[in-house]
2 protein chains.
Amino acid sequence: MPATDTPERILDAAERLFAERGVDGSSLRAVTRAAGVNLAAIHYHFGSKEALLGAVMARRIEPVNQARLKRLEELVGAAQGEAIPVEALLDAFLAPAMRLVTSGERGQLFAQMLSRAYWEAGEAFREAAMTQLREVAERFGPELARSLAPLPLEEVAVRFHYMTGVVLQELADPYRERRGPPFTVPEADPETRLERLVTFLAAGFRAPASSRSREEATS
Amino acid sequence: MPATDTPERILDAAERLFAERGVDGSSLRAVTRAAGVNLAAIHYHFGSKEALLGAVMARRIEPVNQARLKRLEELVGAAQGEAIPVEALLDAFLAPAMRLVTSGERGQLFAQMLSRAYWEAGEAFREAAMTQLREVAERFGPELARSLAPLPLEEVAVRFHYMTGVVLQELADPYRERRGPPFTVPEADPETRLERLVTFLAAGFRAPASSRSREEATS
DNA sequence: GTCTATAGCCGGATAGAC
DNA sequence: GTCTATCCGGCTATAGAC
């Protein structure tokens with residue numbers, strides 16, 4: 001029994017190459033070369049390049065979403081029917097992802113890969129990613145709306161959409177260090193990064209609806 | 001003299017294909033086919049695929065940045081030495097980009113292309129994009145910091161970084177309509193979209209520094 | 001399960017006629 | 001400036017020996 005078996009070696013290598021050079025930019029030959037396995041092994045174990053991408057994704061997303069839901073349930077239980085503060089909801093949603101990304105090189109690579117795939121890959125991938133997120137969004141959405149009442153639901157949806165952009169940027173942008181002023185973003189430990197995210201996003205979520213939406217619902 | 005000359009036909013076709021299928025995902029053969037020109041014309045007029053990408057970018061970015069700077073100068077002039085409200089700064093920064101994106105199909109395509117290229121393309125592209133943005137960021141950065149005083153400069157930089165993520169997501173995500181609940185983001189006219197962006201971002205920018213940064217500077 | 005070999009195709013780039 | 005023809009290499013995927 002080798003230290004890591006062939007499928008796992010392939011997943012690790014694919015994750016790294018997809019993150020560093022994009023999915024389209026990474027050939028299966030490069031993946032097998034990096035993994036130290038034979039070219040045909042990918043097709044034997046995964047079937048196709050697209051299926052390989054799906055497998056790379058699934059391996060990491062599921063635990064993050066489980067952790068998100070667990071934290072949310074704890075909050076809901078503790079709130080005893082009261083609305084949960086936005087900051088707590090955001091923390092529950094973001095902390096598991098931040099934990100993955102800052103838990104080591106592999107998590108960071110995965111985040112880069114996710115962003116690249118989000119913009120780059122085909123419809124099939126996006127469907128899969130949405131499906132993975134759906135269960136989580138369906139639980140968080142109503143709680144968020146409740147905490148932000150009377151903010152119109154439309155605004156909650158738009159701001160949730162904004163949040164995904166912020167999170168992709170913060171967790172996945174691998175160029176933080178390399179750019180010069182005035183783009184230099186300071187290094188920070190995971191707790192600070194998370195706190196900054198929550199602070200910024202909570203303020204944005206809490207903003208009163210812009211005037212064009214306000215006729216719809218304001219107490 | 002044809003309605004549009006060959007280089008322009010190539011730029012238009014490349015913009016569309018890069019947006020729809022990514023840069024790596026679009027072959028030069030596909031571009032020339034879509035443009036109705038000969039394969040060799042790309043190399044004659046642009047030299048290489050990478051140079052073509054640069055040309056597609058430059059054509060649209062420059063006018064947007066000029067408009068941004070013009071609006072900022074007007075604000076600075078009218079403020080007569082006073083700090084400019086964040087909302088006005090954000091509007092000056094975002095309105096020209098929003099105008100491009102909502103001015104027609106071509107602007108929308110360009111925004112998609114920009115996001116894809118941001119995450120996908122090589123270091124060379126990102127350098128070019130940063131160079132284009134640098135002049136603008138160097139003017140807006142200090143004004144933002146002044147309006148947000150005493151927010152630490154670090155926080156301003158981080159939040160500017162967040163903003164780029166929000167803007168990429170809002171302007172470029174082409175999948176707004178196609179996803180089901182709870183991801184459905186409502187359609188909205190350009191003014192509403194801009195106002196929502198400004199509202200959300202201004203609130204985020206105005207948030208007090210998170211506690212870990214607060215020892216640095218708070219009045 | 002792992003390998004070699006190869007089918008079959010498409011990629012970017014260029015040479016050179018017109 | 002525009003075209004054809006072609007170089008040369010890389011690509012995904014599969015067949016079939018071991």
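This structure is a prediction, so every number in the text was calculated from the model and none was measured. Numbers restart at 1 for each chain; the letters A, B, ... are given by sequence-line order, proteins then strands. Scope of the values below: all heavy atoms of this structure, side chains included, with no hydrogens, waters or symmetry mates.
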Rounded distance (Å) that lies between atom P of C:dT4 and atom CZ of A:Arg33: 14 Å
Spacing of B:Ile42 atom CD1 relative to C:dT14 atom C1', expressed in whole Å: 14 Å
N/O (side chain, A:Asn38) to phosphate O (OP1/OP2, C:dG1) under 4.0 Å: no
Residue B:Ala40, side-chain heavy atoms: nucleotide from D:dA13, D:dA15, D:dT4 that is nearest: D:dT4
Cation over ring face, A:Arg68 and A:Phe93, 6.0 Å, 45°: yes
NZ/NE/NH1/NH2 to OD/OE distance under 4.0 Å, B:Arg16 and B:Glu105: yes
Any A:His43 side-chain nitrogen or oxygen under 4.0 Å from OP1 or OP2 of D:dA13: yes
Distance in Å, A:Thr102 OG1 paired with A:Leu194 CG, rounded so as to fall on 0.5 Å steps: 9.0 Å
Distance, rounded to the nearest Å, where B:Arg29 contributes CZ and D:dG10 contributes C1': 13 Å
Spacing of A:Asp5 atom CG relative to C:dG1 atom P, expressed in whole Å: 9 Å
OP1 or OP2 of C:dT2 under 4.0 Å from side-chain N/O of A:Thr6: yes
Side-chain N,O (A:Ser27) to OP1/OP2 (D:dG10) below 4.0 Å: no
Spacing between B:Leu39 atom CG and D:dT2 atom P, to the nearest angstrom: 14 Å
Minimum side-chain heavy-atom gap A:Glu62-A:Gln66 below 4.5 Å: yes
Nearest-Å distance for atom pair CD1/P, residues B:Ile10 and C:dG12: 13 Å
Rounded distance in Å - CZ (B:Arg9) to P (D:dT2): 11 Å
Gap between atoms OH and P, on B:Tyr44 and C:dT14 respectively (whole Å): 15 Å
